[in-house]
Q: 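Quick one: the structure is below, and I'll ask about it shortly.
Remember, predicted model here, so these are calculated numbers, not experimental data.
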Amino acid sequence: MTTGPAWGILLLAGLCEVGWAVGLKYTAGFTRLWPSLGTLLAMVASVVLLGWSLKSLPLGTAYAVWTGIGAVGTALLGMLLFGESRETARLLSIGLIVAGIVGLKLVTPEGLH
């Protein structure tokens with residue numbers, strides 16, 4: 001796999017991570033069947049997709065980007081869905097995570113041949 005498709009797979013893995021993190025809020029401690037099943041499915045998909053992306057991407061970069069996507073997406077959805085804080089410092093901190101993700105993408109070598 002070349003790095004182009006690997007980045008797309010990694011993005012999808014990060015979005016699945018957001019899905020399971022937000023899904024946890026709806027499981028009520030894994031006492032609600034359908035939210036729990038959806039959350040577990042998103043967890044498995046996230047890790048499998050991360051593993052696939054690692055065929056071409058460096059481990060440290062892929063893991064940092066995966067967790068960064070999860071952190072940013074979850075924080076933003078927390079604000080939108082659950083009314084969590086939108087303080088300036090929080091938004092700036094999220095911006096720094098995004099800058100780190102972009103930076104890692106820009107400095108990652110093309111492939112691990």
Q: Who else is in the cluster with L37 when I, L, V, M, F, W and Y are joined by side-chain contacts under 4.5 Å?
A: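 L37 shares its hydrophobic cluster with L33, W34.
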Q: Indicate yes or no: at least one non-hydrogen side-chain atom of V65 is less than 4.5 angstrom from one of T61.
A: yes
Q: Can you pull out every salt bridge (Lys or Arg N to Asp or Glu O under 4.0 Å) where at least one residue sits in residues 5-14? Sequence neighbours excluded, please.
A: none
Q: Same cluster or not: Y63 versus V98, using hydrophobic residues (I, L, V, M, F, W, Y) connected whenever any side-chain heavy atoms lie under 4.5 Å apart?
A: yes
Q: Supply the atom-to-atom distance C16 SG to L50 CG, rounded to the nearest 0.5 angstrom.
A: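 C16 SG to L50 CG: 11.0 Å, rounded to 0.5 Å.
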Q: Give me the atom names and distance for the closest heavy-atom approach of I101 to G68.
A: CD1-C, 3.4 Å
Q: Shortest non-hydrogen contact from L10 to A62?
A: CD1-O, 3.6 Å
Q: Donor-acceptor pairs are to be reported for all side-chain atoms of residues 73-84 against protein atoms at under 3.5 Å, with residues two or more places apart or in another chain.
A:
from: T74; atom 1: OG1; to: G70; atom 2: O; distance (Å): 2.6
from: E84; atom 1: OE1; to: R90; atom 2: NH2; distance (Å): 3.3

Q: Measuring from atom OG of S56 to atom CD1 of I9, what distance do you get when rounded to the nearest 0.5 angstrom?
A: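 Between S56 OG and I9 CD1, I get 8.0 Å after rounding to 0.5 Å.
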Q: Ignoring hydrogens and geometry beyond distance, is a side-chain donor-acceptor pair present between T108 and W7 at under 3.5 Å?
A: no
Q: Return the set of residues passing side chain to side chain contact (heavy atoms under 4.5 Å, CB included) with L12 (not counting sequence neighbours), or none when no residue passes.
A: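 Per chain and number, L12 pairs via side chain to side chain contact (heavy atoms under 4.5 Å, CB included) with L49.
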Q: Only pairs under 3.5 Å count here: list side-chain donor-acceptor contacts from residues 18-31, not counting sequence neighbours, and write none if there are none.
A:
from: T27; atom 1: OG1; to: L24; atom 2: O; distance (Å): 2.9
from: T27; atom 1: OG1; to: G29; atom 2: N; distance (Å): 3.4
from: T27; atom 1: OG1; to: F30; atom 2: N; distance (Å): 3.2
from: T31; atom 1: OG1; to: A28; atom 2: O; distance (Å): 2.6

Q: Working to the nearest 0.5 Å, report the span between CG of L59 and CH2 of W66.
A: 11.0 Å
Q: Is there a donor-acceptor pair closer than 3.5 Å between any side-chain N or O of S46 and the backbone N or O of A13?
A: yes
Q: Rounded to the nearest 0.5 Å, what's the gap from CG on L92 to OG1 on T88? Could you check?
A: 6.5 Å
Q: Do M43 and T39 have side chains that approach each other closer than 4.5 Å (heavy atoms only, starting at C-beta)?
A: yes
Q: Under the rule for side chain to side chain contact (heavy atoms under 4.5 Å, CB included), what residues qualify as partners of V44, not counting sequence neighbours?
A: V48
